[in-house]
Amino acid sequence: MIIVLKPHTSEEDKKKLLERIESLGLKPMISQGVERTIIGVIGEEDVLRVQPLEAFPGVEKVIPVLAPYKLVSREFRPENTVINIKGTEIGGNRISLMAGPCAIESRESFMAIAQAVKKCGVNILRGGAFKPRTSPYSFQGMGEDGLKIMHDVGGELGMITVTEVMDPRDIELIQKYVDVLQIGARNMQNFNLLKEVGKTSKPVILKRGMMSTIKEFLMSAEYILNEGNFQVILCERGIRTFETYTRNTLDINAVPAIKQLSHLPVIVDPSHATGRWGLVEPASLASVAAGADGLLIEVHTHPEEAVSDGPQSLTPKNFFRLVGRVQSIAAAVGRKV
Ligand code: PEP
Ligand code: MN
């Protein structure tokens with residue numbers, strides 16, 4: 001349920017209302033917009049049928065939210081959420097470019113890739129230190145050594161860093177080294193992990209599970225917001241279909257659909273969505289045209305030598321070309337890169 005307050009409601013009236021909501025065993029979550037204050041009420045709402053809140057001074061209207069997600073919904077926050085990370089905004093007019101290798105492989109190669117993407121105008125650097133691999137015999141990531149490399153390279157080049165967290169036990173460690181926590185597709189419904197990242201103050205990139213519906217995706221985001229962390233970026237990264245030519249099928253519909261349903265920023269990972277470097281650029285252009293707020297792209301200076309996901313990694317040269325073309329599409333839809 002959502003309670004819309006009248007403009008200029010006094011702090012006193014607001015306080016009384018919040019106290020009443022809490023006394024009913026419900027949790028009020030406040031969304032402070034430019035013009036309006038909206039209170040989301042979380043919990044067993046049935047008690048409100050006998051305790052109507054409409055009568056409270058300051059309450060303009062009470063709207064039931066039919067969708068199962070509340071805090072992530074547009075009803076709760078009509079304006080777009082813009083996440084500010086060290087002065088860089090995600091979800092605003094600018095398209096955010098995030099790039100780097102699938103995995104951090106060594107200090108030298110990570111630095112070379114970071115410098116290459118930075119030259120293309122990217123200031124958000126990705127790279128996995130804990131890798132979710134299908135086979136236990138595949139490279140599992142450099143762990144803490146990789147985090148240290150990410151921290152040093154990011155610091156030296158003045159870039160924002162993103163890495164995946166797979167286990168709640170690693171959150172404390174990862175937080176010390178990086179700026180943004182990524183929840184991978186395979187962990188989208190790892191609810192304990194979602195709750196734990198929800199307790200941190202770090203922005204979170206939540207990737208869509210490869211077999212998840214849009215509704216399930218938004219419910220997973222709801223877990224993070226429900227813990228108090230509203231800095232969530234949703235990432236469409238392709239879903240499994242009967243098609244095998246591509247690694248996954250980019251669900252382009254999901255971009256405008258989620259933008260309509262939720263106030264959270266939506267980005268696209270065209271690398272995992274296609275699995276083929278030759279499709280990454282067109283998938284990126286389509287994503288920006290469809291309203292994506294950013295792109296998360298795998299880049300490697302030597303894709304043929306990459307320990308993971310080489311076939312979908314762009315060379316710096318191809319990435320440079322992509323950025324130029326993304327700029328044109330962004331301009332066509334009234335945005336900037
Ligand atoms: C990744 O971004 O490195 C990754 C493993 O992606 P996903 O979780 O989408 O498969
Ligand atoms: Mn990868």
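Both counts, for ligands and for their atoms, begin at 1 and track the order of listing. On a predicted model such as this, the values are computed, not experimentally measured, just so you know.
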Inset, instruction - Any chance you could lay out the salt bridge (charged side-chain N to carboxylate O under 4.0 Å, His left out) test for Glu60 and Lys6, step after step, and finish with the verdict? - result: CA-CA 5 Å; Glu60 184 168 288; Lys6 290 179 188 150; over 6 Å; no
Numbered atoms and elements of ligand 1 in range of [X], under 4.0 angstrom, heavy atoms:
X	result
Gly184	8 (O)
Gln182	1 (C), 2 (O)
Glu164	5 (C)

Inset, instruction - Answer yes or no for Met210: is there a heavy-atom contact with ligand 1 below 4.0 Å? - result: no
Legend entry - Aromatic plane relationship, Tyr223 with Phe191 - under 30° parallel, 30 to 60° tilted, over 60° perpendicular: parallel
Inset, instruction - Would you check if Arg276 and Arg247 make a side-chain contact, meaning some heavy-atom pair closer than 4.5 Å? - result: no
Legend entry - Among the N, O or S atoms of His272, the one nearest the Mn ion (ligand 2): NE2
Inset, instruction - Kindly identify the option in Arg208, Glu236, Arg186, Arg126 whose heavy atom sits closest to atom 3 (O) of ligand 1. - result: Arg126
Inset, instruction - Assess whether atom CD of Glu44 is packed by more than 12 heavy atoms of other residues, nucleotides or ligands within 6.0 Å. - result: no
Inset, instruction - Please say whether more than 12 non-hydrogen atoms of neighbouring residues, nucleotides or ligands are located less than 6.0 Å from NZ in Lys199. - result: yes
How far is [atom] from the closest protein heavy atom, and which atom is that?
atom	result
atom 6 (O) of ligand 1	Lys207 NZ, 2.9 Å
atom 9 (O) of ligand 1	Arg237 NE, 2.6 Å
atom 4 (C) of ligand 1	His272 NE2, 3.5 Å

Inset, instruction - Would you tell me whether His300 and Glu305 have side-chain atoms, one donor and one acceptor, within less than 3.5 Å of each other? - result: no
Inset, instruction - Show your working on salt bridge (charged side-chain N to carboxylate O under 4.0 Å, His left out) between Arg325 and Glu281 and close with a plain yes or no. - result: CA-CA 8 Å; Arg325 301 198 69 194; Glu281 182 186 297; 2.7 Å; yes
Legend entry - Any N/O pair Ala185/ligand 1 closer than 3.5 Å: yes
Inset, instruction - Please say whether Asp269 places an N or O atom under 3.5 Å from an N or O atom belonging to ligand 1. - result: no
Legend entry - salt_bridge(Asp293, Lys259) N-O dist < 4.0 Å: yes
Inset, instruction - Nearest 10° is fine: what angle sits at the Mn ion (ligand 2) between OE2 from Glu298 and OD2 from Asp309? - result: 130°
